[in-house]
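Structure, as structure tokens:
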Amino acid sequence: MTTKHRRIAINTGGGDAPGLNAVIRAATLAALRRGWDVIGIQRGYQGLLDDRYLMTLDRDAVRGIGHLGGTILGTVNRGHPFEYPTEAADGSITTVDRSDEVIESFRRLGLDALIAIGGDGSMRIAQRFFEKGLPIVGVPKTIDNDVCATDVTFGFDTAVSVATDAIDRLHSTAESHQRVFCVELMGRYVGWIALHAGIAGGADVILLPEIPFDIESVCRKVMEREAAGRHFSIVVVAEGATPAGGQLVTLGEKEVGREIRLGGIAEQVAEAIAARTGKETRSLVLGHLQRGGRPSPRDGLISARFGAAAVRAVEAGDFGSMVALDVPDVVTVPIADAISKMKSVPLDGDTLQTARDLGLCLGD
Ligand code: F6P
């Protein structure tokens with residue numbers, strides 16, 4: 001299969017997620033089959049600011065990577081080309097706009113298109129480059145599943161599997177020792193991973209950013225179970241969950257050009273439960289285990305479909321678009337729609353209603 005010769009680039013930005021390599025592989029194979037050249041831009045946009053971070057993506061470069069976690073291109077969640085962190089003369093960190101340098105390199109390298117694989121932050125950058133004239137197609141990645149205009153982002157299914165397995169494993173110790181376990185899951189400002197893994201893993205309480213919680217309601221659930229002879233409970237806490245009227249729990253200071261890190265809410269919830277119920281309560285943070293390892297079969301498949309669809313979008317000249325799942329099809333949508341807002345768990349959705357129907361406590 002050959003079409004008009006093109007030279008395309010691929011980059012990956014933001015936190016890594018299972019399926020990145022599968023997208024790179026699929027897009028590269030689909031492009032090579034068309035007789036195109038493919039360049040990998042390493043470390044987000046770094047390769048367009050420094051030629052040392054460029055690599056040729058040929059058949060050998062992508063051989064056997066589809067099942068590997070991480071990204072062979074490397075990724076960054078700082079180094080935003082429009083707000084690039086730089087040290088000022090006084091040693092403080094400030095930001096400069098390096099987007100014109102990126103565009104200049106793109107043209108100098110004779111590139112016809114960029115496939116930008118990333119989450120909401122990367123799609124925002126992609127949209128800004130598109131508005132400055134770069135021919136870009138986005139691919140939605142993130143374990144958080146918070147990107148709009150697509151039924152799902154790749155990486156989410158694997159994260160849910162890992163989290164579900166962890167909740168499942170906690171049950172034996174919780175039950176044997178008659179303890180309460182509070183497990184903190186990722187997801188940033190949305191509760192998709194917590195809700196899906198919590199239901200699938202058989203949690204008793206799920207606390208989401210979308211529903212500010214009342215600790216009394218959580219403790220009531222624990223004590224109701226106690227009274228019913230169930231002397232243990234599993235409380236799933238999304239890292240972005242907050243008590244009603246309370247604040248996000250964060251780690252460290254916000255760094256320039258980087259999102260604030262979330263973490264620590266499960267420990268606070270565990271302390272509050274222990275103090276109010278007298279039950280031995282432990283907390284754990286599942287953390288980056290949710291982002292590692294091979295993609296689940298569902299993520300492996302959607303990543304391959306997204307990668308190939310991104311190449312078809314380039315071929316069709318469908319720029320400023322993002323590939324998206326609109327079950328059962330992979331389609332393209334304007335990146336502008338994808339970044340118009342954050343995709344939160346809908347409060348009137350059937351998954352949340354399922355949790356309530358199963359008798360789970362959602363903290364309200
Ligand atoms: O966006 C993916 C994610 O894993 C979030 O769930 C989490 O809050 C964040 O990234 C952690 O980022 P980092 O690895 O930079 O600490």
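In this text, all values refer to a predicted model and were calculated from it rather than measured experimentally. One-based numbering, in listed order, for ligands and for the atoms of each. Just so you know, these numbers use all the heavy atoms, side chains as well, and skip hydrogens, waters and symmetry mates.
Salt-bridge annotation for Arg128 and Glu131: absent, with no side-chain N of the basic residue lying under 4.0 Å from a carboxylate O of the acidic one. Contact check on Arg261 versus Glu259 returns no salt bridge, with no Lys/Arg side-chain nitrogen under 4.0 Å from an Asp/Glu carboxylate oxygen.
In terms of protein heavy atoms, atom 10 (O) of ligand 1 is closest to Arg291 NH1, 3.1 Å. When only non-hydrogen protein atoms are considered, atom 1 (O) of ligand 1 lies nearest to Asp144 OD2, 2.7 Å.
The local environment of NZ in Lys132 is crowded, with over 12 non-hydrogen atoms from other residues, nucleotides or ligands closer than 6.0 Å.
Counting heavy atoms from C-beta outward, Leu54 and Asp51 have side chains that approach closer than 4.5 Å. Within the 4.5 Å cutoff, the side chain of Arg225 has no heavy atoms near those of the His231 side chain.
Those atoms of ligand 1 that come under 4.0 Å of a heavy atom in Gly187, given as number and element, are 6 (O). Interface atoms of ligand 1 facing Ile143, defined by a heavy-atom separation under 4.0 Å, are 4 (O).
Not close to ligand 1: Leu262, with no non-hydrogen atom less than 4.0 angstrom away.
Counting heavy atoms closer than 4.0 Å to ligand 1, residue Glu259 contributes nothing at all.
With Arg261, Arg188, His288 as candidates, the residue nearest to atom 9 (C) of ligand 1 on a non-hydrogen basis is Arg188.
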